[in-house]
Amino acid sequence: MATRSCLMRTRMLAVLNVYTRWLTHLRPTRAHACALSHLRAPARDVFSRTCALRILSPPDGVPTRVCDRLHGAQVAEPFKETTFTATWEGDAKIQESSASSSFDWVVMRRPEEQRDFELDLASSAGATTTIRGTGSSFTHTFNELGYHHVEVSLDGTRLTESGLWVRYVRREIRAVDEEDREALLAAFDVLLNTDDETGVMLYGSNYKSYQRLSTEHNNFAADWECDRLHDGMGFVPGHFSVGRLMEASLQSVTPGVALPYWEYTIDVEHIIENHNGNFFQWRYIPALSNRWFGATDKDTGLISNASIFSAINQSDNVYATSKNSYGLTRSPWNNYNSPLLTRFIGGGSALGEAPIITIDETQMSTCSVLNWTLAKSKTLRGFNAYGEGQSHGPIHMYTGGFSNTPNFTSKLTAIGLSEDDELIDQMWGDGQTTPMAADFFSHLKSLWRYGYLTCPSSCSMDTPISECQCTCNATEIWDDYTVMRSVLKSPIAMFGNESAFGLLEWLCTSNVMLGDHATSASGADPSFWALHGTVERYLQVLRLKDTFTSESWSDEEALFSSNIHPSTDHCRGHYRNDTLIFGELDGRNMTNWQYYVMIDPNQANTPYLYDNFHFHHCEKVPRDPQDMLHELIARASVPRSTAYELMQCHHPFT
C-alpha cells in the first residue's frame with residue numbers, strides 16, 4: 001500500500017501526535033481529534049488512542065509530509081477541543097536537545113483551498129484565518145469546517161506541515177457518548193417546542209422546526225398527484241437532503257451536534273440470535289427506548305411520557321397541505337384521530353390492545369438482505385429501488401404497524417386463508433419484497449389516488465372513527481383492469497381470485513389504522529431521522545467501491561411502476577433536473593443530480609462523515625459469489641481501516 005511503503009522509506013525525525021476521541025461506547029472521553037489511515041489501534045476503536053503523522057527526513061535534510069495529496073489529511077470535528085502534541089522519534093540527540101525547547105503552532109484556513117461545496121460557518125470564512133499557539137501541546141477548538149494547515153516549528157525552524165479536514169462525524173447511536181446524546185436531545189427539544197419564526201430570530205436562517213420538516217415530508221409523500229419522495233429516483237436526494245436540513249437545524253441550536261444513524265441490522269440480527277427471531281422484542285431495542293426516540297406502550301402505541309418525543313402532535317399547522325379527515329397531518333387515507341405520534345409495532349388487534357401479528361426474519365431487514373442489496377445494486381436506479389425496499393422498508397412498516405383490526409385471523413380464515421403458521425408469511429411477506437400485509441395496506445394510497453378510496457371531507461375530533469371511515473367499492477375496483485393489475489396482481493398470484501377479492505372487500509371496509517412510521521407521516525417519528533443516514537452509508541460503500549456500472553437518470557427511468565400517478569404524467573421530485581424537493585440546502589439551490597454529485601464520498605464535499613463502514617455483526621451471513629459484506633468485515637479488521645479511509649492517501653478499497 002502507498003501509505004505503508006512511504007512510511008518505510010527513511011528514518012523518522014518527528015511525530016505529530018493528535019490525541020483522539022474514542023468513538024465507541026467502550027471508552028467515551030471528551031478529548032477529541034483526528035484520524036489517520038495507518039492507526040496502530042484496532043479498527044473497531046476507530047479514533048482510539050494516539051494517531052501519528054510521521055515526518056520523513058530526505059537526504060537534503062528538509063522535512064516533508066508523508067502524504068502530499070488532498071485526501072492525505074487528518075480529520076477533526078468542529079466545536080470540540082482538539083489537542084495536538086509534538087514528540088520525537090529516532091535520534092536521541094535531537095530528543096535531548098529539544099527537551100527544553102518550545103514548539104510554535106500555526107493553524108491556517110485559506111479560502112482558495114476550500115472545495116466548491118464547502119460549507120462556511122463563521123463570518124470570517126471569506127478570509128484566511130490563522131490561529132497560533134506555543135508549547136509541546138496545543139489545544140484548539142475549530143469553529144469552521146474545511147481544509148486546514150497545521151504547522152509545527154521548533155526554535156524558529158519549521159519541522160512539518162500537516163493537512164487537516166474539519167468535518168462533523170455521524171456516529172451509530174450506540175457509539176454516541178452520553179454528553180453528545182444529551183446535547184442532541186436537548187437540541188431536538190428546542191425544535192419540538194420553538195416555532196419557525198421565533199427559531200429563525202434566535203438561531204438563524206438554518207433553523208427549521210421539527211413540525212415543519214416532518215409535515216413537509218407528509219405533504220410530498222401524500223400529494224394527490226403522486227408520491228414525490230418514494231417509488232422513484234427521488235428517494236435518495238429527497239431523504240438524504242431532508243436529513244441534512246434536520247441536522248443543520250439542530251446545529252443552529254447546538255453547533256457541535258451531528259445527526260446519528262441507526263444501524264438497525266444490528267438489532268435485527270440480535271433478535272434473531274438471542275430471542276429466537278421473536279420480533280415482539282422490537283419494542284425493546286435501544287433506538288425505541290427513552291434514552292433515544294422514546295419507548296412505546298404496547299397497548300396504545302403511544303410514546304412514553306418519560307421521552308421528550310411523547311408530545312409530538314400532528315394537529316393542523318401552517319405548513320400542512322396533506323391531512324386526513326380529522327385535519328391531522330397524517331396520510332389522507334389514514335383516518336386515525338389521535339393527534340399524538342403512534343407506533344403499533346406489529347398489528348392484527350383492536351385499538352387499545354397489544355398487537356398479535358409479528359414478522360419473521362425472512363421479511364425483515366437482515367444482514368443477508370443488506371448483502372443482497374449491495375450485490376444487486378449495480379446502477380443508481382437499482383440502488384434507489386433496492387435501498388428503498390427490504391433493506392430498509394420493513395423498519396418503517398413494522399415499527400409503524402397497524403391496528404383497529406379485531407378478529408384479524410378469523411377474518412382471514414373466512415376468506416380462504418388458513419389460520420396457521422403460514423399466516424405470518426401470507427400477511428407479512430414472501431422474503432423477497434417488502435412485507436405483504438403492510439404492503440397490502442399501502443395499496444390504500446393507490447386506491448385513494450385512483451379515486452376509488454373516498455374519505456369524508458372533514459370530521460370533528462369527537463367523531464368516532466367508525467363514523468369517519470374511508471371506504472371503497474371492491475366490485476368497481478375488480479372491474480377496472482388497470483387498477484386491478486396494479487393493486488391485486490400479487491394477491492391473485494398467491495391466493496387465487498376468490499381469496500384476493502375477499503382481501504379487497506376486507507380492505508375496503510376494514511377501517512384499518514396505520515402507525516405513523518408506516519405512512520407518509522413517518523417523518524413525525526424521531527427514529528425516522530436516524531434511519532436514512534444508514535441508507536446513505538450503504539450508498540457510500542457502493543460509491544467508494546466504484547460499483548455502479550451506470551448512474552443513468554433519464555426521465556424515462558425516474559419513476560418506478562409502483563409510483564401510482566393516474567392524474568398526471570409527471571411527478572416532480574424524481575427527475576434528474578428537478579430542484580431538491582425540500583428546497584435550498586446549506587445555502588445552495590441544487591438539482592437532484594447536482595446534489596448527488598455533491599454527496600459523492602470520494603470528493604469530501606459534505607459537511608459530515610460517517611464514523612465507519614464496519615459490519616462485524618454480519619459475520620455469520622452465509623457467503624455467496626457476489627458477497628460484499630465479508631469483504632468489508634475483513635478490511636475492517638486491519639489497523640489501517642478507519643472511518644476516514646476516504647480522506648487518506650490511498651483509495652479506501654485498494
Would a 4.5 Å heavy-atom cut-off, applied to side chains only, mark T475 and F501 as touching? yes
When rounded to the nearest 0.5 Å, the distance separating CE of M246 from OG of S214 is 7.0 Å
Under the 3.5 angstrom rule, does the side chain of N218 hit a backbone N or O of S322 as a donor-acceptor pair? yes
Taking all heavy atoms of P566 and all of R449, pick out the closest pair and write down the distance. CG-O, 3.4 Å
Just wondering, more than 12 heavy atoms not from K376 lying within 6.0 Å of its NZ? no
Is it the case that the side chain of E225 and the backbone of S567 share a donor-acceptor pair, with hydrogens and angles ignored and the cut-off at 3.5 Å? no
Tell me whether Q211 contacts the main-chain N or O of D195 through its side chain, where contact means a donor paired with an acceptor under 3.5 Å. no
Once the angle between the rings of Y538 and F615 is folded into 0 to 90°, is it parallel (under 30°), tilted (30 to 60°) or perpendicular (over 60°)? tilted
Using a 4.5 Å cut-off on heavy atoms from C-beta on, say whether the side chain of Y596 contacts that of E551. yes
Any chance you could measure W282, atom CH2, to T296, atom OG1, to the nearest 0.5 Å? 12.0 Å
Atom pair CD1/CZ of I356 and F280 - distance to nearest 0.5 Å: 8.0 Å
If every non-hydrogen atom of Q314 is compared with every non-hydrogen atom of A521, which pair is closest and at what distance? NE2-CB, 3.7 Å
Within the 3.5 Å criterion, strictly below it, is a donor on E536 or Y261 matched to an acceptor on the partner's side chain? no
Is a donor on one side and an acceptor on the other found under 3.5 Å between the side chain of N511 and the backbone of I465? yes
Can you see which heavy atom on G387 is nearest to which on V535, and at what distance? O-CG1, 4.2 Å
For the aromatic rings, using the six-membered ring if either is Trp, is the centroid distance between H270 and H617 under 6.0 Å? no
How about Y319 and D196: does a side-chain donor come under 3.5 Å of a side-chain acceptor? yes
Under a 4.5 Å cut-off applied to non-hydrogen side-chain atoms, are L444 and C470 in contact? no
N276, CG: over 12 other non-hydrogen atoms inside 6.0 angstrom: no
Heavy atoms of C472 and L447 approach each other most closely as SG-CD1, 4.1 Å
Please confirm whether the backbone N or O of L380 pairs with a side-chain atom of N384, one donor and one acceptor, at under 3.5 Å? yes
Heavy-atom distance under 4.5 Å between the side chains of W292 and W262, does that happen here? no
For the side chain of S249 and the backbone of L245, is there at least one donor-acceptor N/O pair under 3.5 Å apart? no
Determine whether the aromatic ring centres of residues F279 and H275 are separated by less than 6.0 angstrom. no
Disulfide (SG to SG under 2.5 Å) for C455 and C468? Distances and angles first, verdict last. CA-CA 7 Å; C455 306; C468 188; over 6 Å; no
Exceeds 12 heavy-atom contacts within 6.0 angstrom, atom CG of N274: yes
Return each pair, listed once, that meets ring-ring contact (aromatic ring centres under 6.0 Å, His included) where at least one residue sits in residues 507-526; pairs must be two or more places apart or across chains. H396-H517
Does the side chain of N592 reach to within under 4.5 Å of the side chain of W553, using non-hydrogen atoms? yes
Look at R170 together with E247 and state whether they make a salt bridge at an N to O cut-off of under 4.0 Å. yes
Let me check something: any side-chain donor-acceptor pairs from residues 236-243 under 3.5 Å, sequence neighbours excluded? List them with distances.
residue : atom : partner : partner atom : Å
H239    : ND1  : F235    : O            : 3.0
H239    : NE2  : H217    : NE2          : 3.4
H239    : NE2  : H230    : NE2          : 3.1
S241    : OG   : P237    : O            : 2.5
S241    : OG   : G238    : O            : 3.2

Heavy-atom side-chain contact between E557 and S552 under 4.5 Å: yes
Please determine whether side chain to side chain contact (heavy atoms under 4.5 Å, CB included) holds for the pair M233 and R576, giving the CA-CA distance in whole Å, both sets of side-chain angles, and the decisive distance to 0.1 Å. CA-CA 8 Å; M233 297 285 279; R576 175 188 175 110; over 6 Å; no
So CG of N219 and CZ of R228: to nearest 0.5 Å the spacing works out to 11.0 Å
Is there a side-chain contact between H570 and Y575, using heavy atoms and a 4.5 Å cut-off? yes
Does K208 form a salt bridge (Lys or Arg N to Asp or Glu O under 4.0 Å) with E216? I'd like the steps, not just the answer. CA-CA 11 Å; K208 290 180 173 60; E216 287 181 345; over 6 Å; no
Do you know the tightest heavy-atom contact between I303 and F293? CG2-O, 4.4 Å
Has S391 got a side-chain atom pairing as donor or acceptor with Y386's backbone, closer than 3.5 angstrom? yes
S310 side chain to S307 side chain, donor-acceptor N/O pair below 3.5 angstrom: no
Could E263 and R537 be called an ion pair, given the rule that one side-chain N must be under 4.0 Å from one carboxylate O? yes
R330 vs D516 side-chain heavy atoms within contact, under 4.5 Å: yes
Give, for atom CD1 of I266 and atom CD1 of I271, the distance between the pair rounded to the nearest 0.5 Å. 12.5 Å
Taking P260's backbone N and O only, do any of them form a donor-acceptor pair with E172's side chain (distance below 3.5 Å, no angle check)? no
Strictly distance-based, threshold 3.5 Å: is any side-chain N or O of Y284 a donor or acceptor partner for the main-chain N or O of S289? no
Please report the interatomic distance OG1(T215) to CZ(F220), rounded to the nearest 0.5 Å. 11.0 Å
Looking only at atom types and distance, does a side-chain atom of S331 sit under 3.5 Å from a main-chain N or O of W333, one as donor and one as acceptor? no
